[in-house]
Amino acid sequence: MFFEDLKYKNKIIPQTILGYGPFMAELYFGHRSRLYLDDLYNNPQNISEIIQKSYDCGVRAINLVNDSNLLKAYDMACDAGCQMKVIATIGKSDIDYLNPNYEVAKEVDWDEDIELFSAYDCPVMLVDEFITDAYDWTLTSKILGKINETDSLSGLVTAFPSRTTDLVKDNLDLDLFDFYMIPLNSLSYMMDINAFNNAQRQEFVNRLVELDKKVIASRILAAGVLKPQESFEFFKNVDYVDAICMGVAKISEACEDFKLLKDY
């Protein structure tokens, strides 16, 4: 499951994407964030080894942001023989994930990110969620337009898939982007849906399908709340997701999780 390539507009996008969350010690991991900071973010060699093992397990794409430690780790993995396509997130800022300041997020140098990732094998560039969810549609349109001037396809990341999906249709030229990365898991964890019951799920799916974009599901393990098998069982019955983005924090996790995903 999710180990084939998505072919779209003359681009090849692997359906399984290695996420950067643990590597960047994102705060939504709670107490594990400090462990990830010491073990991963501050030790690019450790990140590189996980990237290499993921590659050995068949993962052919990675989600990257413009961060020196993360890019150093990726470069080390490339030097070791990894040939991954980059799904770039443009405009990621160093703000508190749990209490974000959207005005500060909008001031990030996204132009530099676009220029940087234009030099990579980068079929897709995505506007960071803190820019998307600031709902400054003029700025979002400008960034998407700049991405579309490159050789990459463009897309949006959102932390609020329900609310943002509704707003995008009324405020943004839908021809500006092709991909839509959303948090999605069976618990509705880190989603703006309180209880992901059948009725809510179908209503949400209908709106998502109506948007008619290629959907990348992120946080599929609910920041570690779900076991991989639980998550994969959910996605067996999901036909509106085109790719998944999943982070792993250890070499052993990469071996176990991606082997299990293949079995599905």
Side-chain angles (χ1 to χ4, degrees), residues 1-21 23-24 51 54-55 58-67 70-71 74-75 77-78 82-93 108-133 139-159 161 164-165 168 172-184 208-209 211-220 235 238 240-247:
M1 185 169 68
F2 292 113
F3 269 89
E4 296 181 355
D5 289 334
L6 172 66
K7 298 178 181 179
Y8 185 72
K9 291 188 175 181
N10 297 319
K11 297 295 182 184
I12 296 176
I13 300 98
Q15 290 184 292
T16 294
I17 304 164
L18 181 63
Y20 64 73
F23 302 156
M24 294 290 290
I51 295 173
S54 299
Y55 182 82
V59 179
R60 293 295 181 265
I62 184 170
N63 187 202
L64 293 180
V65 297
N66 186 0
D67 179 88
L70 180 60
L71 294 178
Y74 178 67
D75 288 343
C78 289
C82 292
Q83 297 181 11
M84 286 185 171
K85 293 187 179 295
V86 171
I87 309 302
T89 296
I90 301 300
K92 181 174 173 58
S93 49
V108 69
D109 189 353
W110 49 267
D111 262 323
E112 178 185 348
D113 293 357
I114 294 174
E115 181 179 359
L116 169 72
F117 287 114
S118 292
Y120 286 70
D121 182 2
C122 183
V124 181
M125 295 188 194
L126 305 166
V127 180
D128 184 68
E129 61 198 287
F130 292 131
I131 296 178
T132 299
D133 295 337
L139 175 61
T140 301
S141 297
K142 183 177 181 180
I143 300 173
L144 290 172
K146 287 292 186 179
I147 294 172
N148 291 334
E149 293 175 3
T150 72
D151 190 44
S152 300
L153 301 176
S154 63
L156 302 176
V157 185
T158 181
T164 300
T165 299
V168 160
L172 200 62
D173 180 354
L174 298 184
D175 291 333
L176 279 174
F177 70 103
D178 295 293
F179 285 82
Y180 195 45
M181 180 183 280
I182 64 170
L184 182 66
L208 192 62
V209 170
L211 194 62
D212 193 27
K213 300 299 174 185
K214 297 300 180 184
V215 175
I216 303 174
S218 66
R219 295 165 199 160
I220 68 170
F235 280 95
V238 170
Y240 52 90
V241 168
D242 300 281
I244 61 170
C245 185
M246 183 176 76

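Side chains of T164 and Y180: no donor on one and acceptor on the other come within 3.5 Å.
Of the possible donor and acceptor atoms, one in the side chain of Q15 sits under 3.5 Å from a partner among the backbone N and O of D242. At least one donor-acceptor pair under 3.5 Å links the side chain of D128 to the backbone N or O of F130. Side chain of R60 to main chain of Y55: a donor-acceptor pair is present (N/O by atom type, distance under 3.5 Å, no hydrogens or angles). Put simply, the side chain of K213 gets close to the backbone of L174: a donor and an acceptor are under 3.5 Å apart. Judged purely by atom type and a 3.5 angstrom limit, D133 has no side-chain atom pairing as donor or acceptor with the backbone of T158. Side-chain N or O atoms of S154 include none that pairs as donor or acceptor with a backbone N or O of G145 at under 3.5 Å.
With respect to D151 and K11, a salt bridge is recorded, a charged nitrogen being found less than 4.0 Å from a carboxylate O.
Between L116 and L71 the shortest side-chain heavy-atom distance falls below 4.5 Å. Side-chain atoms of P123 and L153, non-hydrogen and from C-beta on, never get closer than 4.5 Å to each other. With contacts defined as side-chain heavy-atom distances shorter than 4.5 Å, the pair L172/L144 qualifies. Residues V59 and M84 are in side-chain contact: their nearest non-hydrogen atoms beyond the backbone lie under 4.5 Å apart. Side-chain contact between L184 and Y240: present, with at least one pair of heavy atoms (C-beta onward) separated by less than 4.5 Å.
Atoms OG1 and CZ, from T16 and F3 in turn, are 4.5 Å apart once rounded to the nearest 0.5 Å. Here the CE-CG distance, from M24 to L64, works out to 10.0 Å after rounding to the nearest 0.5 Å. Distance check: R219 CZ to I244 CD1 gives 14.5 Å after rounding to the nearest 0.5 Å. To the nearest 0.5 Å, atom CG of residue N148 and atom CE of residue M125 are 10.0 Å apart.
Minimum interatomic distance between I12 and P14 (heavy atoms only, all atoms of both residues): O-CD, 3.8 Å. Nearest heavy-atom pair, I17 versus N63, reported as atom, atom and distance to 0.1 Å: CG2-N, 3.5 Å. V108 approaches G91 most closely through the heavy-atom pair CG1-O, 3.3 Å. The shortest heavy-atom contact between G19 and C245 is CA-SG, 3.5 Å. Between S152 and C122, the closest heavy-atom pair is OG-O, 2.5 Å. The two residues V127 and T132 have their closest heavy-atom pair at O-OG1, 3.5 Å.
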Determine, step by step, whether Y20 and F23 satisfy the ring-ring contact (aromatic ring centres under 6.0 Å, His included) criterion, reporting the C-alpha distance in whole Å, the side-chain angles of both residues, the deciding distance to 0.1 Å, and the verdict. CA-CA 5 Å; Y20 64 73; F23 302 156; 8.6 Å; no

How far apart are the C-alpha atoms of F117 and T89, what are their side-chain angles, what is the distance that settles it, and do they pass the side-chain contact (heavy atoms from CB on, under 4.5 Å) test? CA-CA 9 Å; F117 287 114; T89 296; over 6 Å; no

Are I13 and F179 close enough, and set up right, to give a side-chain contact (heavy atoms from CB on, under 4.5 Å), and what steps lead you there? CA-CA 11 Å; I13 300 98; F179 285 82; 3.9 Å; yes

In sequence, state the C-alpha distance, the side-chain angles, and the governing distance for D173 and S141, and then conclude on side-chain contact (heavy atoms from CB on, under 4.5 Å). CA-CA 8 Å; D173 180 354; S141 297; 5.9 Å; no

Under the side-chain contact (heavy atoms from CB on, under 4.5 Å) criterion, do L126 and K92 qualify, and how do the steps go? CA-CA 10 Å; L126 305 166; K92 181 174 173 58; over 6 Å; no

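Put simply, the residue from T140, I90, L156 that forms a side-chain contact (heavy atoms from CB on, under 4.5 Å) with I131 is T140.
Taking the salt bridge (Lys or Arg N to Asp or Glu O under 4.0 Å) definition, one finds that D121 meets it with K85, sequence neighbours left out. Qualifying salt bridge (Lys or Arg N to Asp or Glu O under 4.0 Å) partners for D178, counting only residues two or more places apart in sequence or in other chains: K9.
More than 12 heavy atoms of other residues, nucleotides or ligands lie within 6.0 Å of CG in D5, so this atom counts as buried by the packing criterion. Annotation: K146, atom NZ; neighbour count of heavy atoms from other residues, nucleotides and ligands within 6.0 Å does not exceed 12.
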